[in-house]
A.B. asks: 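Below is one structure. I have some questions about it.
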Number of protein chains: 2
Amino acid sequence: MSSVSVPPPKCLQKTFVAPRRHMFGPGPSNVPPRILAAGAEPVIGHMHPEMLEIMSDIKSGIQYAFQTENNMTIAVSGTGHTAMECAIFNAVEPGEGVLTAVNGIWGERAAEMAERIGAKVNSIVTTAGGYFTSEEIDQALAKHKPVLFFLTHGESSTGVVHPLDGIGDICHKHNCLFLVDCVASMGGAPLYMDKQGIDILYSGSQKVLNAPPGTAPISFSERACTYFLLLSMSFFLDMTWLANYWGCDGKPARIYHHTAPVSAFYALRESLAILAEQGLENSWQRHREVAEYLHEGVENMGLKLFVKDKNARLPTVTTIVAPPGYDWKEITSYIMKNHNLEISGGLGPSVGQVLRVGLMGGNSSKASVDMVLEALRDALRYCHKSKV
Amino acid sequence: MSSVSVPPPKCLQKTFVAPRRHMFGPGPSNVPPRILAAGAEPVIGHMHPEMLEIMSDIKSGIQYAFQTENNMTIAVSGTGHTAMECAIFNAVEPGEGVLTAVNGIWGERAAEMAERIGAKVNSIVTTAGGYFTSEEIDQALAKHKPVLFFLTHGESSTGVVHPLDGIGDICHKHNCLFLVDCVASMGGAPLYMDKQGIDILYSGSQKVLNAPPGTAPISFSERACTYFLLLSMSFFLDMTWLANYWGCDGKPARIYHHTAPVSAFYALRESLAILAEQGLENSWQRHREVAEYLHEGVENMGLKLFVKDKNARLPTVTTIVAPPGYDWKEITSYIMKNHNLEISGGLGPSVGQVLRVGLMGGNSSKASVDMVLEALRDALRYCHKSKV
């Protein structure tokens with residue numbers, strides 16, 4: 001073989017400096033300097049004793065954030081989507097039934113993942129902005145008899161926080177595992193994995209936790225562990241391997257599975273430490289108060305909130321009805337350009353219908369709300385409005 | 001629901017400071033301050049224009065490192081194992097044949113992954129430290145008629161760099177895709193994806209690139225793209241989605257797939273920029289010279305190299321026959337404790353047989369070799385030697 005024929009790319013000669021931006025969309029959130037600094041600590045080995053201690057700390061932090069005593073509690077080396085897939089890959093075999101509750105994009109994605117591995121998937125669907133009653137869920141479980149029921153706690157695409165009380169019991173009555181996505185709600189809205197009978201719960205690092213995206217807390221109840229497959233479709237997400245790697249299987253030796261994202265685990269640990277310092281209940285309360293302050297401000301401007309039912313409004317991500325007569329894209333672009341601030345449009349079923357404001361973790365403050373309201377006021381003044 | 005019952009964990013009150021350590025094992029390598037600093041830049045949105053530019057830069061950098069003009073070149077949001085799974089998930093359907101070349105742990109793992117999705121897997125196996133002739137590969141392909149042939153370029157568990165010339169043509173003669181793992185060799189040993197007819201090639205960030213673990217370069221030839229499944233088992237690793245997210249499918253709009261690990265991409269970009277600055281051929285040459293300097297020093301100490309064939313010695317990870325009469329674990333522990341330096345034992349088929357020294361990227365220098373040799377000399381002096 002001769003010499004190199006693809007030359008070094010010129011684009012890599014430019015020094016990259018990330019813009020400073022207010023990350024008030026549905027995530028990722030701003031990452032505070034303390035967490036960035038933790039992520040920039042020197043990299044050590046993924047199986048060095050200090051790393052195993054960090055993983056143990058992360059496990060404790062997730063147990064606290066999830067309010068669970070589950071031993072089978074880890075962080076997946078990936079994003080929320082990876083954790084969603086981890087849950088499904090480990091609990092469902094081809095041909096088994098899965099029921100997903102669709103009131104936004106996440107139920108659709110869970111259905112797609114389950115279909116890919118050959119599960120028999122059914123969905124209950126309600127309008128964007130809505131949620132399901134316990135009776136609707138009970139009836140659907142009775143009809144479809146799935147092994148797994150998927151529900152999104154914090155529907156970031158529509159701004160709905162779904163009620164959870166009682167649903168775990170209904171699932172168990174029907175011999176079904178209760179799988180909950182709390183990517184957008186964990187730390188920002190009350191959630192009690194054990195008391196609420198949730199069997200599999202997962203989240204992400206880049207929302208209330210304010211860590212960079214790339215790690216995803218997940219926990220399995222004892223009941224869920226009995227469903228673990230002998231051989232899941234994925235080696236990388238196989239919980240038998242991961243349980244050993246995270247020291248959850250009681251075996252003395254850790255066997256090399258994959259190389260953990262060491263720096264991302266440093267950052268995740270730090271973000272969980274901050275949540276523990278602040279206290280979960282304080283965090284829930286602050287997110288609720290800040291959200292209510294935002295809701296009030298939005299309504300005072302003459303805009304409408306997308307979720308009618310006050311109790312169903314997600315405290316972390318607020319959906320505002322896209323102002324009639326305006327192009328929502330012009331509004332978000334104007335605000336990004338003139339206020340250096342991200343708010344976003346809809347996602348999945350809410351595209352074109354809403355603006356979304358996410359104030360999570362350190363971003364959840366009245367000062368942030370004031371900035372958002374000021375930016376919105378300014379955009380409505382300067383963006384084009386059709387005369388129709 | 002009442003109040004919190006799982007209290008905040010005390011272990012998170014401790015401030016974590018990572019130890020400073022010479023990472024001279026098979027990876028992760030030391031991450032230089034410049035890359036750590038890039039990873040600590042403020043987090044922006046995974047679909048902000050600056051992020052799409054970073055992804056474009058990363059794509060160019062990988063094309064250079066792989067020596068390929070493949071349009072379908074991206075980084076997987078995961079480790080080398082994730083990329084291995086991505087390759088298999090996208091190219092193989094249940095019931096199809098896969099042949100893996102096993103001369104260490106990686107061929108075993110690829111076989112396990114392919115089995116999990118229901119492929120018909122066969123393997124050719126040689127002893128740890130060995131490799132395969134083109135004739136052996138040709139015969140095995142003729143016999144098993146697989147759709148995919150897996151080969152490890154840099155076998156980090158045994159210290160072998162596998163010859164690649166001519167194997168692509170043999171695969172194509174048998175209507176088979178040529179899949180190569182270059183996690184431990186990319187940037188450290190000559191590799192020409194296009195010229196060598198490699199159809200799928202993947203690597204990892206934490207070896208020669210010196211970035212934190214958690215991202216994995218991967219590239220697909222045009223031939224490989226025609227194998228892409230309509231629906232792979234995994235949504236997260238589906239190349240049709242990922243191709244769009246990385247702007248490789250020619251479509252104008254990027255559709256939200258998953259939230260990329262923004263900080264990890266910053267770091268990966270910086271690591272590729274450093275490789276481009278230094279020049280691939282310079283990097284290959286330096287790794288070879290440093291490895292030869294290490295080999296000489298090891299043999300001068302009376303130790304033996306595990307790979308007999310000089311041309312088959314991997315320039316990034318050197319395997320040394322575990323010194324007879326010593327407990328290899330005592331040696332690595334002694335060196336870690338007294339020299340703050342990691343070298344490691346074997347992995348998979350080489351466990352108990354070897355010590356492994358990895359000098360990759362910035363760690364590949366004669367000064368590092370001198371430190372390793374000094375540490376080894378010291379360990380052999382002070383560790384227990386049986387009198388047998």
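Labels below follow one simple rule: chain letters A, B, ... track the order of the sequence lines, proteins then strands, and each chain is numbered from 1.
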A.B. asks: Go through the atoms of B:Pro7 and report whether side chain, backbone, both or neither lie under 4.5 Å from a heavy atom of chain A.
C.D. replies: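 Contact with chain A: backbone only.
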A.B. asks: So does A:Ser3 get a backbone contact from the side chain of B:Lys195, meaning a donor-acceptor N/O pair under 3.5 Å?
C.D. replies: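 Yes, B:Lys195 side chain to A:Ser3 backbone: donor-acceptor pair under 3.5 Å.
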A.B. asks: Are the side chain of B:Gln67 and the backbone of A:Val6 linked by a donor-acceptor contact shorter than 3.5 Å?
C.D. replies: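 Indeed, once roles are kept as given, a pair shorter than 3.5 Å links the two residues.
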A.B. asks: Do A:Arg109 and B:His258 pass the side-chain contact (heavy atoms from CB on, under 4.5 Å) test, and can you show the C-alpha distance, the side-chain angles, and the key distance before you say yes or no?
C.D. replies: CA-CA 11 Å; A:Arg109 293 226 156 161; B:His258 73 289; 6.0 Å; no
A.B. asks: Ignoring hydrogens and geometry, is there a side-chain-to-backbone donor-acceptor pair from A:Glu41 to B:Ala18 under 3.5 Å?
C.D. replies: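 Here the side-chain-to-backbone pair exists.
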A.B. asks: Do other residues, nucleotides or ligands put more than 12 heavy atoms under 6.0 Å from the CD atom of B:Glu69?
C.D. replies: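 Counting other residues, nucleotides and ligands, CD of B:Glu69 stays at 12 neighbours or fewer.
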A.B. asks: Under 4.5 Å heavy-atom distance to chain A, tell me which part of B:Glu115 shows up: side chain, backbone, both or neither.
C.D. replies: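 Contact with chain A involves no heavy atom of B:Glu115 at all.
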A.B. asks: Can you label the angle between the A:His257 ring and the B:His81 ring as parallel, tilted or perpendicular, going by 30° and 60°?
C.D. replies: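 The arrangement is parallel - the two ring planes meet at less than 30°.
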A.B. asks: Taking A:Glu85 for the side chain and B:Phe235 for the main chain, is one N or O donor matched with an acceptor at less than 3.5 Å?
C.D. replies: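 The answer is yes, because a donor-acceptor pair under 3.5 Å joins these two groups.
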A.B. asks: Give, as side chain, backbone, both or neither, the part of B:Phe66 having an atom under 4.5 angstrom from any heavy atom of chain A.
C.D. replies: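 Contact with chain A is absent: no heavy atom of B:Phe66 under 4.5 Å.
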A.B. asks: Side chain from CB out, backbone as N, CA, C, O: work out which of these in B:Ser234 comes under 4.5 Å of a heavy atom of chain A, or both, or neither.
C.D. replies: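 Both the backbone and the side chain of B:Ser234 come within 4.5 Å of chain A.
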A.B. asks: Check each atom of B:Lys14 against the heavy atoms of chain A and say whether the ones under 4.5 Å are side chain, backbone, both or neither.
C.D. replies: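 Contact with chain A: backbone and side chain both.
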A.B. asks: With a 4.5 angstrom heavy-atom cut-off, could you sort out which part of A:Ser5 is near chain B: side chain, backbone, both or neither?
C.D. replies: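 A:Ser5 touches chain B through backbone and side-chain heavy atoms alike.
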A.B. asks: Against chain B, work out which of A:Ile117, A:Thr68, A:Ile274 has the most heavy-atom pairs shorter than 4.5 Å and name it.
C.D. replies: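 Of A:Ile117, A:Thr68, A:Ile274, A:Thr68 has the most heavy-atom pairs under 4.5 Å with chain B.
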A.B. asks: Go through the side-chain N and O atoms of B:His48 and A:Glu342 and say whether any donor and acceptor fall under 3.5 Å apart.
C.D. replies: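 The criterion, which ignores hydrogens and geometry beyond distance, is satisfied for A:Glu342 and B:His48.
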A.B. asks: Just do the side-chain contact (heavy atoms from CB on, under 4.5 Å) check on A:Thr79 and B:Phe236 with the steps written out, would you?
C.D. replies: CA-CA 9 Å; A:Thr79 64; B:Phe236 175 59; 4.3 Å; yes
A.B. asks: Between A:Asp238 and B:Arg116, is there a salt bridge with N-O shorter than 4.0 Å?
C.D. replies: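 Salt bridge present between B:Arg116 and A:Asp238.
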A.B. asks: What part of A:Ala260 lies closer than 4.5 angstrom to a heavy atom of chain B: side chain, backbone, both or neither?
C.D. replies: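 Contact with chain B involves the backbone of A:Ala260 alone.
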A.B. asks: Using heavy-atom distances under 4.5 Å, tell me whether B:Leu347 contacts chain A through its side chain, its backbone, both, or neither.
C.D. replies: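 Side chain only.
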A.B. asks: Any side-chain heavy atom of A:Gln206 within less than 4.5 Å of one from B:Val43?
C.D. replies: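 A side-chain contact under 4.5 Å is absent here.
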